[in-house]
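Nothing here was measured: the structure is a model prediction, and the numbers come from that model.
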Amino acid sequence: MKKFYKENRIFVILMGIALVCIAIIIAMMAGYVVRSSKGDKYGNRLDGISDVEIKSEDVTKMEESILEKPKVQDVTINIHGKIINFNIDFENDATLEEVKNVSIGCMELFEENYLNFYALQFLITKSSLEESSSNFPIIGYRNAGAATITWSHNAKN
């Protein structure tokens, strides 16, 4: 072994350095994988949500408030991260304009700082679909901080 080392000293030193470098690279990659798997699934997108957190009691109050609107049959509100989903079911005789007005009225349930943080999404359906209600279901989306709701292509006036 000493004879091999004496004859190939430079090769042995370079191989040792290469093995140390490979070990360092493997350790860094393993550390990166472990750190990335421990994080929140939303990353840092939810920073500040504790300042504008919506509690389940607030959701219940909002649902009750929407149910009081004319021609609203049922409402369900789900919150996923920074998106608030409104699933609203209307009576069959509700017009497209009435539906949009109720959805716009949902924005009044929030203070300005909530509207700047959360995106609102509306899924509007009718109790039972008829031929005259070919516009339904419709979807509306309001990005955080936006002033208006953007409606799906079949929500024409």
Q: Look at the side chain of Arg142 and the backbone N and O of Leu115, then say whether any donor-acceptor pair between them is shorter than 3.5 Å.
A: yes

Q. Residues in side chain to side chain contact (heavy atoms under 4.5 Å, CB included) with Asp93, at least two apart?
A. Lys71, Glu91

Q: Indicate the ring-plane relationship of Tyr118 and Tyr114, choosing parallel, tilted or perpendicular according to the 30° and 60° boundaries.
A: parallel

Q | Residue pair Lys100 / Ile124, side-chain heavy-atom distance below 4.5 Å | A | no

Q: Determine whether Ser103 and Trp151 make a side-chain contact, defined as any pair of heavy atoms from C-beta on separated by less than 4.5 Å.
A: yes

Q. Atom CD1 of Ile83 and atom CD of Gln121: how far apart are they, to the nearest 0.5 Å?
A. 6.0 Å

Q) Could you state the interatomic distance from CG (Leu123) to OG1 (Thr125), rounded to the nearest 0.5 Å? A) 6.0 Å

Q: Determine whether Ile54 and Ile84 make a side-chain contact, defined as any pair of heavy atoms from C-beta on separated by less than 4.5 Å.
A: yes

Q.
Can you tell me how the ring of Phe86 sits relative to the ring of Phe122, calling it parallel under 30°, perpendicular over 60° and tilted otherwise?
A. parallel

Q.
Can you confirm whether Asn78 sits close enough to His80 that some side-chain heavy atom of one is under 4.5 Å from a side-chain heavy atom of the other?
A. yes

(Q) Does any part of the side chain of Thr150, heavy atoms only, come nearer than 4.5 Å to the side chain of Asn143, both counted from C-beta? (A) no

Q: Report, as yes or no, whether the 6.0 Å neighbourhood of atom CZ on Phe11 holds more than 12 heavy atoms from other residues, nucleotides or ligands.
A: no

**Q.** Over all atoms of both residues, closest heavy-atom pair of Gln73 and Phe90
**A.** CG-C, 3.6 Å

**Q.** Minimal non-hydrogen separation, Gly145 against Asn116, with atom names
**A.** CA-OD1, 3.6 Å

Q.
Could you check whether any side-chain heavy atom of Val99 comes within less than 4.5 Å of a side-chain heavy atom of Ile138, counting everything from C-beta outward?
A. yes

(Q) Within the structure provided, determine whether Val72 and Val102 are in side-chain contact (heavy-atom separation under 4.5 Å). (A) yes

Q) Considering residues, nucleotides and ligands other than Ile10, do more than 12 of their heavy atoms fall under 6.0 Å from its CD1? A) no

Please table the atom pairs, donor to acceptor, closer than 3.5 Å between any side-chain atom in residues 56-70 and protein atoms at least two apart or in another chain.
| unit_1 | atom_1 | unit_2 | atom_2 | d |
| --- | --- | --- | --- | --- |
| Asp58 | OD2 | Lys55 | N | 3.3 |
| Thr60 | OG1 | Ser56 | O | 3.0 |
| Glu63 | OE2 | Ile77 | N | 2.9 |

Q: Indicate yes or no: at least one non-hydrogen side-chain atom of Ile88 is less than 4.5 angstrom from one of Cys106.
A: yes

Q) Is the side chain of Lys126 donor-acceptor paired with the backbone N or O of Ala94 at a distance under 3.5 Å, no angle test? A) yes

